[in-house]
Number of protein chains: 2
Amino acid sequence: MPRPPAPRKTTGRPARISREEIIRTARRIVAEEGVDRLTMRRLATGIGSTPMALYHHVRDKEELLLLLLDDHAARSLRRPEPPPTDPRDRVLTAALAIHDVLAACPWIVEVLTADDLMSTSALWFVEQIVAGLTACGLTLDQAVHGYRAIWYYTAGEILVRTTAARRRTDDDRPVYRDQVFAGLDPAELPHLSRAAPRWAALTSQDTYEQGLRALVNGLLTPH
Amino acid sequence: MPRPPAPRKTTGRPARISREEIIRTARRIVAEEGVDRLTMRRLATGIGSTPMALYHHVRDKEELLLLLLDDHAARSLRRPEPPPTDPRDRVLTAALAIHDVLAACPWIVEVLTADDLMSTSALWFVEQIVAGLTACGLTLDQAVHGYRAIWYYTAGEILVRTTAARRRTDDDRPVYRDQVFAGLDPAELPHLSRAAPRWAALTSQDTYEQGLRALVNGLLTPH
DNA sequence: ACCTGAACACCGTTCAAGT
DNA sequence: ACCTGAACACCGTTCAAGT
């Protein structure tokens, strides 16, 4: 994330804990115990310190989550080798890379709702998307809007997918969608009634790439 | 929402508070004081009762938020008069209606991340989208996937827009995106560097409909 | 400069008891 | 059946003080 590292003065009392240690421990807690267990108190005991010591190294919990995401992006995002030559493929490949890395973050929803998500590690991929779109004939402004549309679609897919997955592991809660779909009136909602039996199976399929292709095609085809 | 109303027996002590009163009061609190102030305790004092009395009428806070959204959808969603005859316009009009109603909910993010969002009031609009897509030549399964893509795009746009707006009212927090964009290397990220000065202006524009048209066009054009 | 202890101002929810 | 009081098991963060 774009935040400058906390200024490290050479004078004064030597630090006992570091930003790196905080992030490393936070990563471990999330991996072993889940996002819900990542509290400032739990994190403090994890590094053998007190909650308030953390506030010397991160501004607040939101910054902590952002740092965690940036750490994840920096270690997971791999530039494609070799990069695709076709500009449309450059767009698709970059979007898919961002999507896959973010979808693998269990704590992504907390961050998605917490900041504008401009990880420096992801900038190269944003560049690929904007560059690819302009190479296909869009103006720079149109390409930025196109990138935004791709980002909306990507963020939405991750949000819906992740919360659905969480609800599934959330033990017993019944799926209310099924109740609604069971009581549909075929006269008023004929298509939904026909699709109802297959709805659960259809929505559990991973159609991110398919929808992305449609969106990119639509962005690149003048109408 | 699909939850059946709490069974109202005719025997036993008469209820002092009702689901309707709970929702009405919750709506007022959100409108007057913001989503953050909507707590079970605040709500209880708002209707002159205790927190635990609420749990006789709603299962938990998640259900409360869902009921609140359904109430909002039921009173805000208006079917277009007359409905467009062109199937593509039916899709666009229905998606825009859903988008506009949800975007007007300040608490939408809390619900977006809380359930699969199958408000019964919205089903007619989902039907329009699926019906319109099939009328344009898609199979029913393709149309359901198309609806999902539209929903991802819509949810993502609302999520990003709403959290950005919240952050803006969140007083002083600097926009870190600006810091990143100020320090871009034009050699490595030429397009982003060129777009940087206009980025804030471009992303503040409302391009939901524009992106929606591109997505729907892409979904309807075989490639 | 860095860390600690104690406290503030809250949460959602459970439990046992009352009417 | 419906409601209450008290408590449980937490949160993030501030403040004043210590080294």
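Heavy atoms only: backbone and side chains are in, while hydrogens, waters and symmetry mates are out. Everything numeric here is computed off the predicted structure, so don't read it as measured data. Chain letters run A, B, ... following the sequence lines, proteins first, then strands; residues in each count from 1.
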Looking at His57(B), does any N or O in its side chain come under 4.0 Å of the phosphate oxygens OP1/OP2 on dC3(D)?
yes
Steps toward side-chain contact (heavy atoms from CB on, under 4.5 Å) verdict (Leu123(A), Leu184(B))
CA-CA 9 Å; Leu123(A) 287 177; Leu184(B) 291 182; 3.8 Å; yes
Spacing of Glu62(B) atom CD relative to dT13(C) atom P, expressed in whole Å
9 Å
Please give, in whole Å, the distance from dC2(C) P to Arg16(A) CZ?
12 Å
Round to the nearest Å and state the distance from Leu65(A) atom CG to dG12(D) atom C1'.
12 Å
Between Trp107(A) and Leu65(A), the two heavy atoms sitting closest are NE1-O, 3.9 Å
Between Glu110(B) and Lys61(B), is there a salt bridge with N-O shorter than 4.0 Å?
no
Looking at dG12(D), which nucleotide sits across from it as a Watson-Crick or G-U wobble partner, both distances under 3.5 angstrom, or is there none?
dC8(C)
How long is the line joining CE of Met40(B) and P of dC11(C), in whole Å?
12 Å
Under-3.5 Å N/O pairs linking protein and nucleotides 5-10 of chain D:
none

To check you understand the geometry: which heavy-atom pair defines the closest contact between Leu43(A) and Ile29(A), and what is its length?
CA-CD1, 3.8 Å
In this structure, how many angstroms lie between the P atom of dC2(C) and the CD atom of Glu21(A), rounded?
15 Å
Please check if any side-chain donor atom of His145(A) sits under 3.5 Å from a side-chain acceptor atom of Gln205(B), or the reverse.
yes
Between C1' of dA1(C) and CD1 of Ile17(A), the distance in whole Å
13 Å
Using the side-chain contact (heavy atoms from CB on, under 4.5 Å) definition, which of the options Val111(B), Ile23(B), Ile22(B) pairs with Leu68(B)?
Ile23(B)
In whole Å, I'd like the distance from the CZ atom of Arg19(A) to the P atom of dC2(C).
12 Å
Looking at Ser49(A), I'd like to know whether one of its side-chain N or O atoms comes within less than 4.0 Å of OP1 or OP2 on dC3(C).
no
Ignoring the backbone of Lys61(A), work out which of dG12(D), dC3(D), dT13(C) is nearest its side chain.
dG12(D)
To the nearest 0.5 Å, what is the distance between OH (Tyr153(B)) and OG1 (Thr154(A))?
12.0 Å
Whole-angstrom distance between dC10(C) and dA9(D), as gauged at atom P:
22 Å
Expressed in angstrom and rounded to an integer, what is the separation of Asp36(A) atom CG from dG12(C) atom P?
15 Å
Using Watson-Crick or G-U wobble geometry with both distances under 3.5 Å, which nucleotide pairs with dT19(D)?
dA1(C)
